[in-house]
Each structure stands twice: as structure tokens, then as C-alpha cells.
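Lettering follows sequence order; numbering is per chain, from 1. Worth knowing before you read on, the calculation uses all heavy atoms, side chains too, and leaves out hydrogens, waters and symmetry mates. Quick caveat: nothing in here was measured; it's all calculated off a predicted structure.
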Protein chains: 2
Amino acid sequence: MRIGEAAERSGVSAKMIRHYEGLGLLPRAARRDNNYRDYDERDVAVLQFIRRARDLGFSLDEAGVLLSLWRDRGRSSAKVKRLAEQHIADLDRRIAEMRSMADTLRGLASACRGDQRPECPILADLAGARAKH
Amino acid sequence: MRIGEAAERSGVSAKMIRHYEGLGLLPRAARRDNNYRDYDERDVAVLQFIRRARDLGFSLDEAGVLLSLWRDRGRSSAKVKRLAEQHIADLDRRIAEMRSMADTLRGLASACRGDQRPECPILADLAGARAKH
DNA sequence: CCTACGGCTTCCCATCATGGGAAGGTCAAG
DNA sequence: CTTGACCTTCCCATGATGGGAAGCCGTAGG
């Protein structure tokens with residue numbers, strides 16, 4: 001099949017498929033006589049694998065590592081699990097950061113009247129007047 | 001003061017101060033005879049304002065809007081509050097996304113033995129075999 | 001007086017993942 | 001034979017940040 005169909009079936013855009021190939025994340029695709037890339041079911045499965053890894057927040061580099069582990073029949077599941085746990089820890093760290101931001105903002109916004117007057121604890125906080133607690 | 005001191009006092013790197021000026025987020029800095037940029041306390045306060053906005057997750061564009069509202073004495077706090085609430089909603093959406101990723105991964109990782117054997121539900125999931133629930 | 005050093009200047013490049021779009025080749029249907 | 005939907009490669013943009021080169025400025029120490 002051509003790249004458009006592979007894209008549709010995998011959920012990875014044609015643009016990205018070419019890009020992944022350029023990065024070396026995918027092997028160079030087979031070509032037809034007309035120089036069009038040619039894909040089969042296994043290629044689509046690989047693309048779906050990458051797509052799913054991206055959906056779970058893994059970077060392309062990490063997706064590449066997972067892919068090579070997937071292909072390695074003699075792999076130890078310990079390596080996969082370690083990678084997953086590191087990624088979970090990273091997600092948790094970023095979640096905590098963002099929660100802290102959101103909570104701070106919620107506190108400031110709730111103290112802000114939000115009317116036509118200029119007084120605003122949000123701007124006051126940004127300007128350096130830290131809240132009184 | 002020179003850019004190095006302004007950077008240290010504001011917590012914004014010299015590199016970024018120049019960049020913000022290039023973006024038009026900051027007015028062009030005053031220059032000394034030797035062409036060095038020259039900053040005063042008010043400049044540092046503006047930089048701190050931007051820094052704080054960034055710390056709360058606002059984009060540079062949003063920081064620019066907040067900055068102009070801060071400078072506008074006749075502003076209505078409603079505009080500030082609306083911007084903050086949109087940002088909170090955006091943070092909450094991203095947090096929910098990441099929590100969903102982390103929770104899925106936690107489920108898969110807990111089902112993975114993590115030993116020297118190749119069986120691994122994490123890879124099985126990525127490969128398209130969706131979990132049984 | 002020369003040199004070394006630290007600070008500054010501009011400019012270009014890299015990151016990460018993705019998309020937009022131009023210029024041009026290929027192929028099937030009308 | 002044209003049209004239109006594909007495909008190709010190549011360049012550029014995003015957003016925020018940093019790295020580093022080449023070169024200027026100014027002071028302190030020999």
C-alpha cells in the first residue's frame with residue numbers, strides 16, 4: 001500500500017512517517033517502480049506501535065527503544081518495565097508541577113473580583129506582592 | 001546595570017532577555033556608549049513579572065498580554081481573571097491527559113513481571129493487544 | 001605597555017514533534 | 001489530452017530555551 005493508506009490505517013500522518021524514516025526510527029521503506037514508498041501490514045503494525053507509545057507520552061527516542069525491545073525476542077521484560085516506570089515518574093513529576101501552578105492560580109483567581117475595576121490579586125502576585133499566607 | 005546583573009536579579013537568563021526584546025515582549029533596552037544594554041529597577045521588575053508568569057505556566061504571548069494589562073491603570077480585572085481561568089482550564093486538561101497516561105502505564109507495569117523473561121503486557125499493549133477489561 | 005580575563009555584542013544552530021506549502025513526477029478516469 | 005488525487009523532495013515555522021563562535025570593551029596585574 002502507499003503512504004496515504006498506511007497513514008490512515010496507523011493514525012500516523014504521512015508527513016510523520018517520512019520524518020520517522022529520516023530519523024532512522026523506521027527502516028527505509030521499500031519503493032515501487034515509480035519511487036513511491038510501499039508498505040505492508042507489518043509496517044502498519046509498527047506505525048501503530050509508535051502511535052500508541054506516543055499516546056502514552058513516550059518520546060520518539062523512547063518509542064525507538066521500546067520498538068527494538070519489542071523486536072528482540074530474547075529481551076527481558078525488566079528493561080521494558082524500568083523504562084515504563086521512569087516514564088511514569090516523569091509524568092507524575094510534571095503533573096505535580098502543573099497541579100501546583102493550577103492550584104496557585106485558582107487561589108489567586110478566586111480572590112479576584114473579576115469586574116470592571118482594576119484591582120487584581122493575580123497581577124499583584126505576578127508583580128511580586130506575594131499573597132499574605 | 002548591565003544585562004548580567006539584570007539576569008541574576010530577575011531570574012531570567014541574559015540570553016532570554018535579549019530574546020524577549022527581539023520578540024517585542026520588552027521595549028528595546030537603553031544602550032550605553034559601549035553599546036551594552038542598560039537596565040534599571042523597573043526593568044528588573046518587568047522581568048520578574050514575566051518570570052513569575054512563566055512559572056505559572058503562561059506562554060510568553062500570555063505573559064505579554066498580562067504585562068500590558070498590568071501597565072494599563074484603567075484595566076478591568078475581569079480580563080485578567082478570564083485569562084487566568086482559561087489557563088487554569090488548559091492546565092487541568094493537560095493534567096487529566098497525563099494522569100490518564102500515567103494510570104494506564106501503572107496498570108500495565110504492575111502486570112509486568114519485570115524479570116529476565118520476555119513476556120510483557122506493556123509491549124503487548126503497545127503492539128495492539130488491548131488489555132482484557 | 002601588553003596581556004589576560006570576564007563581560008558584553010550579534011549571529012547561527014540545536015532541541016522536540018509536528019505541520020504547511022512549493023515545485024514537480026505519476027497514474028487513472030473522464 | 002486534461003484533470004485531479006496521489007506521491008516525491010526540500011525548505012520553513014512553531015515555542016522556549018540553550019550552546020557556542022567571533023569579536024568588542026574595560027579593568028587589573030605583570
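Distance from the side chain of A/Arg37 is smallest to D/dT8 among D/dT8, C/dT9, C/dT18. Nearest nucleotide to the side chain of A/Met16, out of C/dG19, D/dT17, C/dC8: C/dG19. Of the candidate nucleotides C/dT18, D/dT8, C/dT9, C/dT18 has the atom nearest to the side chain of A/Leu60. Closest contact between the side chain of A/Arg2 and the listed nucleotides D/dC7, D/dA16, C/dT9 involves D/dC7. For A/Asn34, the side-chain atoms get nearest to C/dT26 when compared with the rest of C/dT10, D/dT8, C/dT26.
For A/Arg31, a side-chain nitrogen or oxygen approaches OP1 or OP2 of D/dT9 to under 4.0 Å.
Atom CZ of B/Arg18 and atom P of C/dC8 are 7 Å apart (whole Å). Put simply, CG on A/Leu26 is 14 Å from C1' on C/dA17, counting in whole angstrom units. Between the OH atom of A/Tyr39 and the P atom of D/dC6 there is a distance of 16 Å, rounded to whole Å. Nucleotide C/dG7 holds its C1' atom 13 Å from the CD atom of B/Glu8, rounded to whole Å. Rounded to whole Å, atom P of C/dC16 lies 11 Å from atom CZ of A/Arg54. In this entry the distance linking CD of B/Glu5 with C1' of C/dG6 reads 15 Å, nearest Å. Whole-Å rounding puts the B/Glu21 CD to D/dA16 P distance at 17 Å.
Taking for each of A/Ser13 and A/Asp33 the nucleotide of DNA chain C with the nearest heavy atom, the 5'-most of the two is the partner of A/Ser13. Along DNA chain C, the nucleotide closest to A/Lys15 and the one closest to A/Leu23 are compared, and the more 5′ of them pairs with A/Leu23. Comparing A/Ala14 and B/His19 along DNA chain D, the residue whose closest nucleotide (by nearest heavy atom) sits nearer the 5' end is A/Ala14.
A/Arg31 pairs with exactly one of A/Asp33, A/Asn34, A/Asn35 by the side-chain contact (heavy atoms from CB on, under 4.5 Å) rule, that one being A/Asn35. Under the side-chain contact (heavy atoms from CB on, under 4.5 Å) rule, A/Ile50 has a single partner from A/Leu66, A/Ile17, A/Leu26, which is A/Leu26.
Annotation: the terminal axes of the helix from C/dC1-D/dG30 to C/dG30-D/dC1 meet at 40°, where each axis is the rotation carrying the C1' atoms of four end pairs onto the next four (5 pairs per end, rounded to 10°).
Under the 4.5 Å side-chain heavy-atom criterion for ILVMFWY residues, no single connected hydrophobic cluster contains both A/Leu47 and A/Tyr36.
In this structure, the side chain of B/Ser77 does not engage the main chain of A/Arg113 through any donor-acceptor pair within 3.5 Å.
Checked by distance alone, B/Tyr36 brings no side-chain donor or acceptor within 3.5 Å of a matching partner on the base of D/dG26.
When all heavy atoms of A/Ala109 and A/Ile122 are compared, the closest pair comes out as CA-CD1, 3.9 Å.
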Exercise for the section: Test salt bridge (Lys or Arg N to Asp or Glu O under 4.0 Å) on B/Arg106 and B/Asp103 and set out the steps. Expected result: CA-CA 5 Å; B/Arg106 255 186 283 272; B/Asp103 287 348; 3.3 Å; yes
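No more than 12 heavy atoms of other residues, nucleotides or ligands lie within 6.0 Å of CZ in A/Arg28, so this atom counts as exposed by the packing criterion.
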